[in-house]
*Asks:* 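Sharing a structure here in structure tokens format.
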Amino acid sequence: MIYQRIALIGLGLIAGSMAHATRRADLAGEIVGTARSSETLEIAREINLCDRIVDTAAEAVKDADLVVLCVPVGAMEAVTKEIAPHLEPGCTVTDVGSVKKAVIDAVAPHLPDHVHFIPGHPLAGTEHSGPRSGFAELFDKRFTILVPPPGGDAQAAEKLRKYWEGLGAYVDEMDPEHHDLVLAVTSHCPHLIAYTMVGVADDLRRVTDSEVIKYSAAGFRDFTRIAASDPTMWRDVFLNNKDATLEILGRFTEELFALQRAIRTGDGEQLFDYFTRTRAIRRGIIQAGQDTDAPDFGRGAKR
């Protein structure tokens, strides 16, 4: 056991998976959960997602020594203001948001001095959402990034690291600006491109819906999996990681124009060299244990 009581604020895929994985490894004495939606609370109680489900965030954090903010980035500030007066001295507050600088700016100013704020981001997920979507294996051999503040409590950071390792994750540390740039490349822009490609297909009325679905195994399928992710979460990600996302999209546009030119001019050598170089990235991901070479890209739903 690492924590006596964990409070999960928000009960979607990540929080649900944390609850399952925490129980699997016996990492906490009690797991308390809450969510804004009455429907979510009802489902969470029905499936016994946590040891206790309560109606408010203020009630959830009472006596907790770890509080995890599992809400969209745009809701972080309001939730923090709600729980701040009720946080136990010495407790750790963390989050699972996909951007870090905006979360720090929204959360840190409202926390009392007697708690430890250590932002975090598990690099794991599926296209599913809601309290039924979680599963204990979600974090196994996936990375979680922690962003300990300068001069923060080293013991609290080490304890949180051990907790995430107990959930099955590899743990690294980054500063917030670097995190946001890296994630703009590896997650945020790929999601935006997937949303765009699916939107283009929807706009092309010459392609019927049945054909899009029928022939989706040609690559479009994987765009649709990514584009099926939670709209609220991704809206907030792009609004709160604007600079890094726009920088990477600018680079992407330059590369796309270069490929357009190669196709237009029949430059097969450039296309071959480019595809050979990018193919090596895929091999590197597999060699790093972060995916498989199976047709489903290692993302079969485990539910």
Side-chain angles (χ1 to χ4, degrees), residues 1-12 14-36 41 44 49-73 75-97 99-122 134 139 144-167 169 171 173 176 179:
M1 184 186 303
I2 295 178
Y3 293 103
Q4 292 296 322
R5 179 173 293 163
I6 295 175
L8 300 174
I9 313 300
L11 295 174
I14 298 298
S17 297
M18 292 180 74
H20 291 303
T22 297
R23 284 174 168 164
R24 179 184 66 176
D26 194 23
L27 300 176
E30 184 182 32
I31 305 168
V32 182
T34 191
R36 293 286 189 187
L41 291 173
L49 185 61
C50 301
D51 299 314
R52 280 195 298 127
I53 303 293
V54 297
D55 291 332
T56 68
E59 186 179 357
V61 303
K62 180 176 173 57
D63 298 325
D65 49 349
L66 176 65
V67 175
V68 189
L69 305 179
C70 304
V71 298
V73 174
M76 292 277 185
E77 184 172 20
V79 170
T80 303
K81 288 179 179 179
E82 180 182 350
I83 66 174
H86 308 283
L87 294 169
E88 291 296 311
C91 84
T92 294
V93 177
T94 188
D95 77 294
V96 298
V99 299
K100 292 278 68 79
K101 188 176 184 304
V103 167
I104 292 169
D105 292 344
V107 172
H110 305 293
L111 291 175
D113 294 335
H114 59 66
V115 305
H116 310 295
F117 179 42
I118 307 171
H121 178 205
F139 310 111
T144 289
I145 307 299
L146 297 181
V147 186
D153 188 282
Q155 187 174 358
E158 180 60 23
K159 191 173 181 179
L160 185 59
R161 169 186 282 271
K162 288 182 178 178
Y163 172 69
W164 274 108
E165 290 174 344
L167 296 181
V171 180
E173 294 184 5
H179 168 278

*Asks:* If every non-hydrogen atom of Pro112 is compared with every non-hydrogen atom of Leu87, which pair is closest and at what distance?
*Replies:* CD-CD1, 4.1 Å

*Asks:* Nearest 0.5 angstrom please: His110 NE2 to Glu77 CD, how far?
*Replies:* 3.5 Å

*Asks:* Do Pro122 and Val96 touch side chain to side chain, with heavy atoms closer than 4.5 Å?
*Replies:* yes

*Asks:* side-chain contact (heavy atoms from CB on, under 4.5 Å) between Lys159 and Ile2: does it pass, once the steps are laid out?
*Replies:* CA-CA 7 Å; Lys159 191 173 181 179; Ile2 295 178; 3.6 Å; yes

*Asks:* Would you say Asp95 and Met76 make side-chain contact, with heavy atoms under 4.5 Å?
*Replies:* yes

*Asks:* Is it true that a side-chain atom of Asp65 and a backbone atom of Gln4 form a donor plus acceptor pair closer than 3.5 Å?
*Replies:* yes

*Asks:* Restricting to non-hydrogen atoms, name the atom on Leu11 and the atom on Ala44 that form the minimum distance, rounded to 0.1 Å.
*Replies:* CD1-CB, 3.8 Å

*Asks:* Is the shortest heavy-atom distance from the side chain of Val103 to the side chain of Pro176 under 4.5 Å?
*Replies:* no

*Asks:* May I ask you to check whether over 12 heavy atoms, not counting those of Lys62, lie within 6.0 Å of atom NZ?
*Replies:* no

*Asks:* Going from CD on Glu30 to CG on Asp63, what distance comes out if it is rounded to the nearest 0.5 angstrom?
*Replies:* 9.0 Å

*Asks:* Would you compute the distance between atom CD1 of Ile145 and atom NZ of Lys100 and round it to the nearest 0.5 angstrom?
*Replies:* 10.0 Å

*Asks:* Of the non-hydrogen atoms in Cys91 and Ala64, which two are nearest, and what is the gap between them?
*Replies:* CB-O, 3.3 Å

*Asks:* Using the side-chain contact (heavy atoms from CB on, under 4.5 Å) criterion, which residues pair with Ser17? Sequence neighbours excluded.
*Replies:* Leu13, Leu138, Phe139

*Asks:* Can you give me the closest heavy-atom contact between Ala60 and Ala7, atom names plus distance?
*Replies:* O-CB, 3.4 Å

*Asks:* Any side-chain heavy atom of Thr92 within less than 4.5 Å of one from Phe117?
*Replies:* no

*Asks:* Which heavy atom of Glu82 sits nearest to which heavy atom of Ala58, and what is that distance?
*Replies:* OE2-N, 3.8 Å

*Asks:* Regarding Thr22 and Tyr163, do their side chains bring together a donor and an acceptor under 3.5 Å, going by distance alone?
*Replies:* yes

*Asks:* Using the salt bridge (charged side-chain N to carboxylate O under 4.0 Å, His left out) criterion, which residues pair with Lys101? Sequence neighbours excluded.
*Replies:* Asp105

*Asks:* Look only at the side chain of Thr94 and the backbone of Ile118, and say whether a donor-acceptor pair between them is shorter than 3.5 Å.
*Replies:* yes

*Asks:* Please find the pair of heavy atoms, one from His179 and one from Val99, that lie closest to each other, and give the distance.
*Replies:* CE1-CA, 4.0 Å

*Asks:* Counting C-beta onward and ignoring hydrogens, is there a side-chain heavy-atom pair between Leu167 and Leu27 closer than 4.5 Å?
*Replies:* yes

*Asks:* Out of Leu41, Asp55, Val79, which one pairs with Thr34 under the side-chain contact (heavy atoms from CB on, under 4.5 Å) rule?
*Replies:* Leu41

*Asks:* Without swapping roles, check the side chain of Arg36 against the backbone of Thr56 for a donor-acceptor pair under 3.5 Å.
*Replies:* no

*Asks:* So, taking the atom named CG in Leu8 and the one named CE in Met18, what distance separates them when rounded to the nearest 0.5 Å?
*Replies:* 6.0 Å

*Asks:* With rounding to the nearest 0.5 Å, note down the distance linking CD1 in Ile31 to CZ in Arg23.
*Replies:* 5.0 Å

*Asks:* About how many Å separate CG of Leu111 and NZ of Lys81, when rounded to the nearest 0.5 Å?
*Replies:* 12.0 Å

*Asks:* Would the distance check show the side chain of Arg161 and the main-chain N or O of Val171 forming a donor-acceptor pair, the cut-off being under 3.5 Å?
*Replies:* yes

